[in-house]
Amino acid sequence: MLSMGIKVFKFGGASVKSAEGVRNLASVVNRFSENLVIVVSAMGKTTNALEIILAKYLDKNLFHTDDLAKLKEYHVDIVKELFNGESDFEDGKISSMFSEIEMFIKANKNTDYNYCYDQIVSYGELISTAIVSAYLNSVNINAKWVDARTCLKSDTNYREGNVDYKASLESSKKIFDFSSNRIYLTQGFIAGTPFNTTATIGREGSDYTAAILANLLDAQDVTIWKDVDGVLNADPKMFSNTCKLDFVSFQEAIELAYCGAQIIHPKTIKPLQNKKIPLYVKSFINPDAVGTKVLHSDVQLQLPPVLIVKRNQVLISLTPRDFSFVIEDSLSQIFAMLYKHRVKVNMIHTSAITFSICVDEDKHYLAAAIEDLKRDFVVKYNSNLELFTIRHYTNEVIEEYISDKKVYMQQLTRSTARYVMDAIER
Ligand code: ASP
Ligand code: MG
């Protein structure tokens, strides 16, 4: 018997931010008769809200209770609207998950920020998938809810868990058994550790979850359902006259994501590329439209100039205190330090005695890294910058976007122009 292919769908926070979004998800799912694995993120801005609750809890002077109550109300309202008050779901499941957050906060003795982050922030996905699964089943879409922590296994590198493919393969093959169920629904972003704790795999990591599951289950394709028509050549919230890219190679997609294109999480491409599993980016508002296909391609696919703005950048320049050259040994020392503090480097430049790096601003990691680097280097930095990238640039496009800007550092290759400059309101 020919086994039916598996499709992996990912619905992000924006697609399930309201009852209407959840209903729309059901109507999208209803269009397909294949085996499905549906990966869902936290609803709307829940992850940000949980980050604030965590920060208040860890800061002994602030109270998180009101924020938590507000977040619960947001979810309960969605549930009420979905079930017209005809379900006891809201009193049961939602309340018990919010109580679990409170119980963790009361009992927890571990002060490690990353550990606490993952135990608390992961509830965003657990709650959203509980609601979505209850709704799907209420409209006769039999989606089996899976706790992602039982199938996606990670180490305890909290907030950036490294996925254990071997362990995840073993458990996923068992859990996603399509002979007993056609549709499975699980959380993006979260994984389980060998110590039965929760780890997350990086902000916006649900795309990555979808890609890993597709790889493990040898899915036929992955679709990321978005509120835009596909991958565009620029963010329409920042630029006018954008156009959709119909086909993008894996290599191009990984470059775009690395430069800061928000449409796909950078780690998403590798698991798909490794098994040549195509990725579709499609609109959940207009599911008939073709969207963008990201695929393996041996030939270079022609693309128009693509503009990418990466915000919250800091430019750091390091000069050895003893005026020695910045060469291999000091470079390896610098990178070891950055790696230790999880600082993400986006662009580098060296001169005889100065090494400049453009990095993501992250208040938890950067300050500690700078303190460490100050021991051997004079450290100077500029913040409030953006990294502006033009892939497939033309001189006209550079002229149009860069000529009147204050540029701190720039790099030009045959395909890509990159500029570190003052952040601009767009
Ligand atoms: N909810 C998580 C976040 O906002 C994961 C995701 O959305 O992909 O970062
Ligand atoms: Mg999200």
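All ligand and atom numbering here is 1-based and tracks the order in the structure.
With hydrogens and angles left out, the side-chain atoms of Tyr117 and Glu51 include a donor and acceptor closer than 3.5 Å. Between the side chains of Ser95 and Lys72, at least one donor N or O sits under 3.5 Å from an acceptor N or O. Side-chain atoms of Gln313 and Asn346 include a donor-acceptor pair closer than 3.5 Å. Using a 3.5 Å distance cut-off with no hydrogens or angles, the side chains of Asp422 and Tyr408 do pair a donor with an acceptor.
By the side chain to side chain donor-acceptor pair (under 3.5 Å) test, Thr198 is found to be paired with Arg149, residues two or more places apart in sequence or in another chain being considered.
Screening residues 164-187 for ring pair (Phe, Tyr, Trp, His ring centres under 6.0 Å), with sequence neighbours left out, gives Phe176-Tyr184, Phe178-Tyr184.
Here's the thing with Ser41: one of its N/O atoms is less than 3.5 angstrom from an N/O atom of ligand 1. Considering both main-chain and side-chain atoms, Lys10 never comes within under 3.5 Å of ligand 1 through any nitrogen or oxygen pair.
For ligand 1 and Glu125, the ligand atoms under 4.0 Å from any heavy atom of the residue are 1 (N), 2 (C), 5 (C). Which parts of ligand 1 touch Phe189 is read off a 4.0 Å heavy-atom cut-off, strictly below it: atoms 2 (C), 5 (C). The atoms of ligand 1 that sit less than 4.0 Å from any heavy atom of Arg203 are 3 (C), 4 (O), 9 (O). For ligand 1, the atoms closer than 4.0 angstrom to any heavy atom of Thr47 are 1 (N), 2 (C), 3 (C), 4 (O).
Not close to ligand 1: Gly124, with no non-hydrogen atom less than 4.0 angstrom away.
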